Amino acid sequence: MNDADLLRYSRQIMLAQIDIEGQERLLAGRALVVGAGGLGSPVALYLAAAGVGRLTLADADAVELSNLQRQIAHGEADLGRNKAESARASAQALNPGCRIETLTAHLEGERMAAAVADADVVLDCTDRFSSRYAINAACRAAGVPLVSGAAIRFSGQLAVFDPRDPECPCYACLYPPDGSGDEALSCAESGVVAPLVGLIGSFQALEAIKLLSGAGTPHRGLSTFDGLTGQWRHFRVPRDPACATCGG
């Protein structure tokens, strides 16, 4: 780090749990953010600002007017623009020293496997079960930690799945596939209060920073948040020995 870096990241370097060594690990870190919408916006902005060395933002969708209520990486000037490219511009404006790459085609198959294998941590900021299962499977195969977030209406949740830990479950342990496809709730169909995605996305960014820097202890189990009461709940999630993704 040069003098400008030391000043830029000084408030993190002051933290004993991060210090210079942890900040250097962040600067060498590689994060894949799948989804540059409501959750992906604060994730991308905070990871870039915090000094993660390389961000890869993946999203095939374009910015729409209805997104602007909560997807803070985009503005009216970005309407019709690819979300990954729009979020890249916003994050790059915060920290020009962060290397930011974009994937503007839908991630699946070999493209998904390659993108996950090239990362040190993956953040699932999508809103479809099919995407979440595919990301989870790729992370298990590559041995890459996964930080999963979800937000709908006034309810949010976060979980971290680390395949390097033999006792850690995977996303499919928590939500076993039942063949129902993507009939799950989505923001477009059920709505979401604007700050909720910021809250959960910031939680995801914090967990990614901890994983990359070595600070603290990674989140375990499932945390849920009720925005109407302001209450958090935490649940232990055991690994399922019969899980189709990580069992056996």
Side-chain angles (χ1 to χ4, degrees), residues 12 15 17-18 22 25-26 29-47 50 52 54-58 107 112 115-129 131-152 155-177 196-226 232-241 243 245-247:
Q12 285 180 173
L15 302 172
Q17 297 88 343
I18 294 182
R25 285 192 286 270
L26 283 175
R30 303 167 299 169
L32 169 64
V33 183
V34 187
L39 297 173
S41 288
V43 164
L45 296 178
Y46 270 118
L47 292 187
V52 174
R54 193 191 76 184
L55 291 180
T56 301
L57 308 179
L107 281 186
M112 173 75 78
V116 168
D118 197 34
D120 298 313
V121 63
V122 175
L123 297 100
D124 182 352
C125 301
T126 64
D127 62 358
R128 293 290 180 182
F129 276 115
S131 298
R132 293 169 182 166
Y133 289 131
I135 295 166
N136 174 68
C139 286
R140 294 299 304 188
V144 177
L146 170 62
V147 183
S148 175
I152 193 73
S155 301
Q157 65 179 43
L158 177 133
V160 176
F161 306 105
D162 193 341
R164 301 171 301 180
D165 180 354
E167 297 184 0
C168 186
C170 76
Y171 184 83
C173 293
L174 179 61
Y175 294 109
L196 181 67
V197 292
L199 181 72
I200 301 300
S202 295
F203 198 168
Q204 288 183 269
L206 174 62
E207 290 302 317
I209 287 170
K210 287 163 55 182
L211 285 163
L212 291 172
S213 70
T217 302
H219 180 276
R220 291 180 179 272
L222 171 70
S223 285
T224 64
F225 178 71
D226 183 343
W232 285 95
R233 298 183 68 187
H234 184 263
F235 303 88
R236 294 181 61 186
V237 181
R239 186 170 182 181
D240 181 2
C243 175
T245 300
C246 71

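Keep in mind the model is a prediction, meaning the values are calculated, not measured.
For Asn136, there are no side chain to side chain donor-acceptor pair (under 3.5 Å) partners, not counting sequence neighbours. With sequence neighbours excluded, the residues satisfying side chain to side chain contact (heavy atoms under 4.5 Å, CB included) with Ala31 are Leu47, Val52, Leu55, Val121, Leu123. Remark: Thr56 engages no residue in a side chain to side chain donor-acceptor pair (under 3.5 Å) (not counting sequence neighbours). With sequence neighbours excluded, the residues forming a side chain to side chain donor-acceptor pair (under 3.5 Å) with Tyr175 are Gln157, listed by chain and number. Every residue meeting the ring-ring contact (aromatic ring centres under 6.0 Å, His included) condition with Phe203, not counting sequence neighbours, appears here in chain and number order: His219, Trp232. A search for side chain to side chain contact (heavy atoms under 4.5 Å, CB included) contacts involving Ala36 returns Asp59, Lys83, Ala87, not counting sequence neighbours. Arg164 is linked by a side chain to side chain contact (heavy atoms under 4.5 Å, CB included) to Pro145, Asp162, Leu211, counting only residues two or more places apart in sequence or in another chain. Checked against side chain to side chain contact (heavy atoms under 4.5 Å, CB included), Thr126 has the following partners two or more places apart in sequence or in another chain: Val34, Asp124, Ser131, Arg132, Ile135. Under the rule for a salt bridge (charged side-chain N to carboxylate O under 4.0 Å, His left out), the partners of Asp118 that lie at least two apart in sequence or sit in another chain are Arg30, Arg54.
Closest non-hydrogen pair, Ala151 versus Leu39, comes out as CB-CD2, 4.4 Å. Of all non-hydrogen atoms in Leu146 and Cys139, the two that sit nearest each other are CB-SG, 3.9 Å. The two residues Cys125 and Val33 come nearest to each other via the heavy atoms SG-CG1, 3.9 Å. Of all heavy-atom pairs between Ala159 and Leu222, the closest is CB-CD1, 4.2 Å. Listed here is the closest heavy atom pair of Ser148 and Phe161: CB-CE1, 3.9 Å. The heavy-atom pair separating Cys246 from Cys173 by the smallest distance is SG-SG, 3.4 Å.
Pairs engaging residues 142-152 under the salt bridge (charged side-chain N to carboxylate O under 4.0 Å, His left out) rule: none recorded [sequence neighbours left out]. For the side-chain hydrogen bond (donor to acceptor under 3.5 Å, both in side chains) condition, the pairs that include at least one residue of residues 196-208, sequence neighbours left out, are Glu207-Lys210.
At least one donor-acceptor pair closer than 3.5 Å links the side chain of Arg239 to the backbone N or O of Pro166.
Interatomic distance, CD1 of Ile209 versus OH of Tyr46, reported as 9.5 Å (0.5 Å rounding). Within the model, atoms CG of Leu196 and OG of Ser155 stand 7.5 Å from one another, a figure rounded to the nearest 0.5 Å. Atoms CD1 and CD1, from Ile152 and Ile200 in turn, are 12.5 Å apart once rounded to the nearest 0.5 Å.
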